Amino acid sequence: TPDRSLLQGHICEMGIGKQSTNLKLLLLSRQIVARGLLDVLREFSDNENDFISVMETVARMSEDGEPTVRAELMEQVPNIAMFLHESRPNFPAAFSRYLVPIVVRYLTDPNNQVRKTSQAALLVLLEQGLISKADMETKVCPVLLDLTQPSSDDDYKIEAVAIMCKVVTMLSKDTVELLLLPRFCDLCSDARLFQVRKVCAANFGEFCSIVGQEATEKLLMPKFFDLCSDSLWGIRKACAECFMMVSNSTSPEVRRAKLSPLFISLISDQSRWVRQAAFQSLGRFISTFANPSSTGLHFREDGALLEVPRCTSDSYDDNHASVPGEMHDSFTHTSSNESPTATNNAKNTKETEQTDENFNSFHYWRSPLPDISGELEMLSCQTSEEVVEKEEKKEVEEEEPEENCLESKSSHGKATSDQIQKVLDCLQPHIDDPDVQAQVQVLSAALKAAQLDSPSDNSPTDNSPTEVEPEVEPENNADSPSVESRSDSSHSPVSEDKPKIQNVIPQQLLDQYLSMTDPARAQTVDTEIAKHCAFSLPGVALTLGRQNWHCLKDTYETLATDVQWKVRRTLAFSIHELAVILGDQLTAADLVPIFNGFLKDLDEVRIGVLKHLYDFLKLLHADKRREYLYQLQEFMVTDNSRNWRFRYELAEQLILIIELYSHYDVYDYLRQIALTLCSDKVSEVRWISYKLVVEILQKLYASGADDLGLNFINELTVRFCHCPKWVGRQAFAFICQVLEEDCMPMEQFSQHLLPSLLSLSSDPVANVRVLVAKALRQSVMEKGNLKIQSVTDVVPHRARTYRTLCCVKSQLVWLIIHT
C-alpha cells in the first residue's frame, strides 16, 4: 500500500542519515589521531618495535582519502621531524624513511590545501636544517624539476617555481648550480605563463647571490636583461626591486658598463609603478659601487661603520687608491692643534734615511701628491695668453675666419684641455688638502679658459670675472685651511666643475638621484620619493666618499628643510652615520647647522637626534661639543607632556654623554637635569634617572673632585632622604643600592650615605624598608666591605647605630623569608 511504501522510504532515509553520522564521526576521529601523533610517539619512543608500528601507522594515514586528514597530518610533520631529530641516536633513519616521502608526495597532491600545507612544511624543515643534502638532491629536487617541465600543469608549475625559488636560499651553491640553475634559466624565458616569469624576476637576486659572480655574468645576466625589457610592467617592477642583489653579484666592470644603462632605462620606464620601484632602489644600487679602499670605511659584522686599517706593507702599489690621511685623522678626535702634515713630514725626514730608496714612509699617511710644478708653470703662461685670445676672438667672430686658424686653435685648445683634465684627475683623490685645493682652483680656471677657446666644446660660455679671480686666492686658502674656508669654496668655480669629474659612479645615476628632491618627481613618480632619497643618502655619501660631498650637500640641505616631517625624521635618525662618513671638519661645517635645526623641530624629528645624541657629539671637537651643554635642557620640554619615552631616552643618552665632558661640566649642567628627571611623574623615567645620578657620582669621584661629590651627596640627602613623599625616600635607598664599590670610596659611603640610609630603616612605608634592606644586604652583608665594627667607628652615637644595624639585619632576614 502507499502507506507501507512511505514507511519504507522513511526507514531508508534514517539508515542513510545514521551512516552519514558515522562517517563524520570516523572522519573526526582520524583528524584527532593525526593531531595527537606527536604525543603518541613520545609515549612509545622507548620501545623500538612500538615506535616502528606508530611510524607505519603514520605512513598509512598519509594515504587517507579525505583531504582534511592529510592536511592535518602534514601540519604535524615539522613537530614530528623535530622530535625525531632530537631522538636521532635511537632512530637515525626514521625521518628520511617515513616522513620525507610523505612531504614529497603531497607536493603533487590534487587538493590545493594539502599542497599548500606540504610546501609550508617543506620550508620549515629546510629552515631548521632537518632535511639532509642527499634527500634534497634525490627526493625533493627531482619532484620540483618534474613539476616545472613545460608540459606540466599550469597551477602545479606556478607553485613549484615559487617553492623552488624559496628553497634555493637554503641549499648549497653546488646543488643549485647542478640541479636548479639550468631549469631556472629556462623558466625565466617562459613565454606562455607570465606568472612564472614574475616569480623568477622577484627571486632573481637570491639565485645570483647563491651561484656567485661567474655563473651570474655567464648565465643569468642575459635572462635578467630580457626580464627588464618584458612587456608586462609587473615583471619589470620586480626586476627593479631586486636590482641591488643582482649588482652585488657582478664585477665592477659589468656593474658600470651593463647594469647602469639598464637601470637608467627602468628609471625612465613608461610605467609609473616601474619608475617608482626603480627610484626606491636607486640609492641601494648606487651603494653597490662603494669601495672601502677609496672611502676609507667599512662595515663591521654588527653593522658599525669603522675606519679601514692603514696599510703597513712594505710593498706599495702606486695604482692603488689609498685612503687620504684626513680620513684617518678625523676619527681620532684629539684636541691637539698640531698640523698632521708637519708631524708626518718630520717623521718622514728621519725614516727615509734608513729605508730603501724605493720606499717612502709618507705613503703611510696618504698617497703621494703628483709633481705638477712643470705643468703649473706652463699653464700659468697659457692662461694669461688664452684670456687675451678670448677677447680677440669675440671681435673677429663677426668677420669671416680663416679655416687654418680655426683648426689650429681648436687642436691647441683640445690638447690643453686634455692635459689640464689629466692633472685634475690626479689631484681629485686629495681634494681635501688645502694646498691641493689651491692648485685645483688655478687649474679649473685654466680649464674653463681652454674650453671657451675650443669651438668643439659644448659647454656653455660664461665670461664671469670669477674665471681669473681664483688665481689670486690660493695663497689665502693655503695659509688658513679652516673649515670655513672649505665650506666657502662650494661657491667657487671649483665646486661647479667637481660633479663633471666625479667618476665613482656613472654620472647619470647621480643626476637621477639628485633629481629625487624635485617637486615634479613627487607628482609624476611617488609622493614619498623624498623620503626614499633621505633614507638612502648615507649609503650614497659613503659610496661617493667625503671628497665628493659637494655633490650631495645641496640635496641634503633641501631634504633637511622638506615640508614633510617624515623626511626630516629620516635624516635625523641617520645624521650620526653621515657624520662618521664625512669626518669632523665637514661635520662641523655642514652637518652641525642642520643638527641644530633638528633640535628645534617636532618631537617626531627630535627623537631621531636624541636616540643617537652620544654618537653625534663624540665626533665633534671638544669646544664645539661643549656648546650643546646649554641645549640639553631643551630636551626636557616636549610637545606632549605624556611623551615620557622622550625623557627616558634623554636619561639613557646622558649616561653615555657623561664621559664626553669634564667633571666640572657634568656637575654644572648634567646634575640639575638628572635631579629633575629623578622627580618625573613616570616611574620608568625615575628609575633610569637614579642610574644617571650614580654615574655622575662615579664621574666626580673618579676625577678626584671629592668636594663636588660631597656637595652632590648632601643635595641628594636633602632632596630625597628627607623627602615628605615615600617615593623620594625610596629613590634614596635605590641610589645607595646601585652604588658599586668602584663608584665611590667605601669610607665616603659609610661616612656620608650610610647614616641617612640607616635612618630609613624604620620608615613607615614598607616599600622604602625593602629597598633599605636590599641596599644593606648588598653593601654590608654580601660584599663584606663594611663590617659592623668599622661602621660604629665612623658613625657618631656608636651604640645606637649598632642597635639599628642589628635591627635592620633582623628585618632583612624577616623580609627575605616572607617576601
Side-chain angles (χ1 to χ4, degrees), residues 165 197-206 208-209 224-225 227-230 232-250 255-256 258-290 299 303 504-544 551-552 555-556 558-560 562-575 577-578 608:
C165 292
R197 301 197 308 274
K198 187 174 182 179
V199 173
C200 292
N203 297 274
F204 205 93
E206 282 79 4
C208 292
S209 61
F224 189 66
F225 272 80
L227 292 174
C228 288
S229 58
D230 197 275
L232 294 178
W233 66 265
I235 298 177
R236 302 195 303 274
K237 178 177 179 290
C239 291
E241 292 173 347
C242 70
F243 215 93
M244 183 194 71
M245 297 186 65
V246 177
S247 178
N248 278 330
S249 303
T250 60
R255 187 179 301 130
R256 178 179 290 271
K258 296 182 178 180
L259 290 183
S260 296
L262 182 62
F263 194 85
I264 293 298
S265 65
L266 293 176
I267 284 183
S268 56
D269 194 271
Q270 59 182 357
S271 172
R272 175 173 181 173
W273 306 111
V274 178
R275 297 197 305 270
Q276 178 177 333
F279 272 108
Q280 292 179 9
S281 301
L282 176 57
R284 288 176 287 174
F285 174 53
I286 291 177
S287 66
T288 60
F289 288 84
F299 285 97
V504 179
I505 63 174
Q507 188 63 34
Q508 283 185 313
L509 292 178
L510 181 59
D511 294 340
Q512 293 291 343
Y513 179 79
L514 299 180
S515 68
M516 293 176 71
T517 57
D518 188 355
R521 294 289 191 188
Q523 299 177 359
T524 59
V525 179
D526 186 6
T527 56
E528 294 189 351
I529 190 172
K531 181 182 177 182
H532 296 297
C533 179
F535 180 80
S536 57
L537 194 140
V540 177
L542 176 65
T543 303
L544 296 180
C551 301
L552 300 174
T555 300
Y556 190 78
T558 302
L559 293 172
D562 196 274
V563 294
Q564 302 183 55
W565 64 265
K566 292 182 179 180
V567 177
R568 305 193 304 274
R569 173 185 170 93
T570 304
L571 293 181
F573 270 93
S574 62
I575 192 171
E577 295 287 359
L578 189 60

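Fair warning: this is a prediction, and the values are worked out from it, not measured in the lab.
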Is there a side chain to side chain contact (heavy atoms under 4.5 Å, CB included) between Leu510 and Leu514? Walk through the geometry before answering.
CA-CA 6 Å; Leu510 181 59; Leu514 299 180; 4.1 Å; yes

Quick one: do Gln564 and Lys531 satisfy side chain to side chain contact (heavy atoms under 4.5 Å, CB included)? Show the steps, please.
CA-CA 9 Å; Gln564 302 183 55; Lys531 181 182 177 182; 5.8 Å; no

Please assess Phe535 against Phe573 for the test ring pair (Phe, Tyr, Trp, His ring centres under 6.0 Å), listing each intermediate value before the final yes or no.
CA-CA 9 Å; Phe535 180 80; Phe573 270 93; over 10 Å; no

Run the numbers on Ile264 and Gln512 for side chain to side chain contact (heavy atoms under 4.5 Å, CB included), then give the verdict.
CA-CA 8 Å; Ile264 293 298; Gln512 293 291 343; 4.1 Å; yes

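Considering all non-hydrogen atoms of both residues, Gly205 and Val246 come closest at CA-CG2, 4.2 Å. Listed here is the closest heavy atom pair of Leu509 and Ser260: CD1-OG, 3.7 Å. Closest approach of Ser574 to Thr570, counting heavy atoms only: OG-O, 3.2 Å. Contact between Cys242 and Phe204 at its shortest, heavy atoms only, is SG-CB, 4.0 Å. Taking both residues in full, the closest heavy atoms of Val274 and Ala240 are given as O-CB, 4.5 Å, listed atom of the first, atom of the second, then distance. Of all the heavy atoms in Leu559 and Cys533, the pair that sits closest is CD1-SG, 3.8 Å.
Arg521 and Asp526 are not joined by a salt bridge, as no carboxylate oxygen comes within less than 4.0 angstrom of a charged side-chain nitrogen.
Under the 3.5 Å distance criterion, the side-chain polar atoms of Ser281 are left unmatched by any main-chain donor or acceptor of Ala278. Looking only at distances, a side-chain donor or acceptor of Arg256 sits under 3.5 Å from a matching main-chain atom of Val504. Tyr556 places no side-chain N or O within donor-acceptor distance of the main-chain N or O of Leu537, the cut-off being under 3.5 Å. Panel note: side chain Ser536, backbone His532; a donor-acceptor pair is recorded below 3.5 Å. Remark: side-chain polar atoms of Arg255 are paired, donor with acceptor, to backbone N or O of Ser247 under 3.5 angstrom. Put simply, the side chain of Arg197 never gets that close to the backbone of Leu232: no donor and acceptor are under 3.5 Å apart.
Taking the six-membered ring wherever Trp is involved, the centroid distance between the rings of Phe285 and Phe279 does not fall below 6.0 Å.
The line from CG of Asp230 to NZ of Lys198 is 11.0 Å long, rounded to the nearest 0.5 Å. Rounding to the nearest 0.5 Å gives a distance of 7.5 Å between CD of Gln280 and CD of Glu241. A distance of 9.0 Å separates CD1 in Ile529 from CG in Asp518, rounded to the nearest 0.5 Å.
Every salt bridge (charged side-chain N to carboxylate O under 4.0 Å, His left out) that Arg236 has, sequence neighbours left out, goes to Asp269.
Side-chain atoms of Ser287 and Arg284 include no donor-acceptor pair closer than 3.5 Å.
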